[in-house]
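Structure first, then comments.
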Amino acid sequence: MARVFMKGTEAVAEAAVRAGCRFFAGYPITPQNEVPEYLSRRLPEVGGVFVQGESEVASVNMVYGAASAGTRSMTSSSSPGISLKSEGISYCAAARIPMVYANFARGGPGVGSIQPAQQDYLQATKASGNGGFRMPVLAPSTVQEAVDLTVLAFDWADRDRTPVLLLADGVIGTMMEPVVLPEPKTEEEVAAIKASKKSWACIGHELDYAHRAWIQPGNWSTLVMQQVNEDAAAMYEAWKQEAMVEEYQTEDAEIILTAYGISGRIAKSAVNLLRAQGIKAGLVRPITVYPFPDAAYDRIDYSKVKAILDVEMSIPALFVEDVKAAVKGRARIETCLCSGGNIMSREAVISAAKKIMEG
Amino acid sequence: METNLCVAGFGGQGVMSLGKFLADATCNSTDKNVTFFPSYGAEQRGGTANCFVVISDDDIGAPLGDVMDDLIVMNGPSLAKFLPTLKKGGNLFINSSIVSDQIDRDDVTLVKAPVTELALEMGNAKVLNVIMLGVYVGFTQVIEPAIVWDTIEHKLASKPKLLPLNKQAFEKGLELGKAQRG
């Protein structure tokens, strides 16, 4: 397929359609408005349904409903809107409903700013709603990766009957970049996906009342609820084997930069420039931030490494908490941060790395 | 090889379209990596608007660099804001119809084009961005002019009436840009 020049939000929306998404409900918020705008036009073309809900809460619950009926469904928003959706996300997690949602994160807390940020890390990876559930959180660093991870998100969601979060940011959402789009699923394939959910989804029970689908975001029996949570915990444990990470120039590295999403690509270009100046830098970039790729941090040769430099667009640093847990005290950890809608400067990353190496 | 370009002006001057035409043409016609990143506030017409285009043979890190190789300035406030980001030896393109400020740097190459006046002479103030795109492509030769024109033609396919004027604007810009090459 030829490459096309697309905006991140529109590329994610198109990837969703090609992955078989046939229902989207959302509510406007900058910087992700092109997702609903694009899908309002595109979904009807493929027999899908687009709804601009009256609120974020309504939208996420429409997705809960559509996905419960077996349709690949999605919503998207940006930071404050994602907070509003948390109730519905938790219900989907409890009822084991596959759905995909995207956060094109912006500055926070509160209404924050409309510019890009990475300040939703803990919310995304630790507590996207009440009740202690987990879900795969995929963090693209390019528009191409956003496309690829959107497709993966739908497959992962269906396979494990779980919500999946695409954790992007305002840069990935608003920038344009060449992408190669996946082949669209045929109508037969989309129908087959839906039919494959017959054992649990509300897609007709042919008068077999004993085995009709029953979507339950909880259970009044404490014993059943504990079993539900034990099953989910076993699934989360199994996900550890599926963590995805990019390790770049780490073999002989004396300083390891670590970052995810937009900061990850900026850190990667800083690694190249540091290497050109004779500083042996490397990069560990988690692609799944949940499950977190701890093993990549175990593969670092700590006998050579002077420090780990955590690069993120959040003050205070949040991602660093997972990095600390993975590094387990084997190296000093420093941070290079910006916040509030400011975009990470490559020069700032380079000078932070140099300061460590010269210090 | 990586080129960082910033295009800055008022909302309504076609700053975003200028950047997008260039980036899109690069995507369509080369194997290079290219990014387009818009930056604007809540304003629309009359507010400030700027965008960044990065064209590179390697992976692109930040879609907006700290230091610009080339800077296109369509109005006065943008000059003050972005001139400090232009590298030593960089190229500064100004809309000399309305940017009358003194350029307080002698370590950059100045390319002047009165694009607002030229657009008005052509009968449509809106084509100033296409003239400036022509100036930029003509001066830097960053990409084949014919490919940029193909992209503009493709983007304007739904408005064929506008094609002759845009063609005239682009060619005028190319001519001005080429003439100022050393």
Side-chain angles (χ1 to χ4, degrees), chain A residues 2-10 30-31 34 111 113-116 141-145 169-180 246 248 257 259 261-276 283 285 311 313 338 341-351, chain B residues 1-7 16-44 47-69 84-85 87 143 147-148 150-152 154-155:
Chain A
R3 61 181 198 167
V4 287
F5 198 58
M6 286 187 92
K7 204 174 179 106
T9 39
E10 296 185 342
T30 303
E34 296 87 347
V111 77
S113 57
I114 62 170
Q115 284 80 16
S141 73
T142 64
V143 176
Q144 181 68 58
E145 199 168 50
D169 63 80
V171 184
I172 298 296
T174 56
M175 71 185 286
M176 297 179 80
E177 209 166 21
V179 288
V180 178
E246 178 185 10
Y248 180 67
L257 279 54
I262 182 65
S263 294
R265 69 186 284 162
I266 295 169
K268 188 176 182 180
S269 69
V271 164
N272 289 334
L273 290 172
L274 285 163
R275 290 248 165 198
L283 171 75
R285 179 179 70 85
V311 181
M313 282 159 42
C338 67
N342 291 306
I343 296 165
M344 182 57 65
S345 144
R346 183 168 68 185
E347 293 305 315
V349 178
I350 290 170
S351 70
Chain B
M1 173 71 185
E2 181 174 297
T3 304
N4 278 267
L5 163 69
C6 171
V7 191
M16 301 297 171
S17 301
L18 194 169
K20 258 192 258 184
F21 284 146
L22 180 69
D24 208 345
T26 307
C27 171
N28 294 340
S29 64
T30 68
D31 294 331
K32 289 177 191 287
N33 289 308
V34 55
T35 60
F36 166 85
F37 182 63
S39 168
Y40 38 82
E43 313 89 348
Q44 291 181 341
T48 59
N50 55 279
C51 69
F52 300 89
V53 176
V54 185
I55 299 173
S56 179
D57 296 314
D58 301 313
D59 287 349
I60 295 170
L64 72 170
D66 301 281
V67 181
M68 294 300 136
D69 301 289
T85 67
K87 75 170 185 189
I143 178 171
I147 291 160
V148 180
D150 285 348
T151 301
I152 298 173
H154 181 71
K155 291 280 170 196

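Lettering of chains follows the sequences in order, A, B, ..., and the numbering in each one begins at 1. Because the structure is predicted, anything quoted here is derived from the model rather than measured.
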Open item on the list: For B:D24, which atoms come within 4.5 Å of any heavy atom of chain A: side chain, backbone, both, or neither?
Closed with: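 Both parts, backbone and side chain.
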Open item on the list: Heavy-atom cut-off 4.5 Å, strictly under: side chain, backbone, both or neither for B:I60 against chain A?
Closed with: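 For B:I60, backbone and side chain are both near chain A.
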TODO: Would you please say whether a donor-acceptor pair under 3.5 Å links the side chains of B:T3 and B:D69?
DONE: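 Looking only at side-chain atoms, B:D69 and B:T3 do not form any donor-acceptor pair under 3.5 Å.
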- [ ] Return the set of residues passing salt bridge (Lys or Arg N to Asp or Glu O under 4.0 Å) with B:K20 (not counting sequence neighbours), or none when no residue passes.
- [x]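 With neighbours one apart ignored, the set is empty.
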Task: Counterpart residues, salt bridge (Lys or Arg N to Asp or Glu O under 4.0 Å), relative to B:D58 (two or more places apart) - done: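 For B:D58 there are no salt bridge (Lys or Arg N to Asp or Glu O under 4.0 Å) partners, ignoring immediate neighbours.
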TODO: Pick one of side chain, backbone, both or neither for A:I262, based on which atoms fall under 4.5 Å of a heavy atom in chain B.
DONE: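 For A:I262, the side chain is the part near chain B, not the backbone.
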Open item on the list: Quick check on A:V143 against chain B: is it the side chain, the backbone, both or neither that has a heavy atom closer than 4.5 Å?
Closed with: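 Neither the backbone nor the side chain of A:V143 comes within 4.5 Å of chain B.
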- [ ] Determine the sole option in A:K268, A:E145, A:R265 for which the side chain to side chain contact (heavy atoms under 4.5 Å, CB included) test with A:E246 is passed.
- [x]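 Passing option: A:K268.
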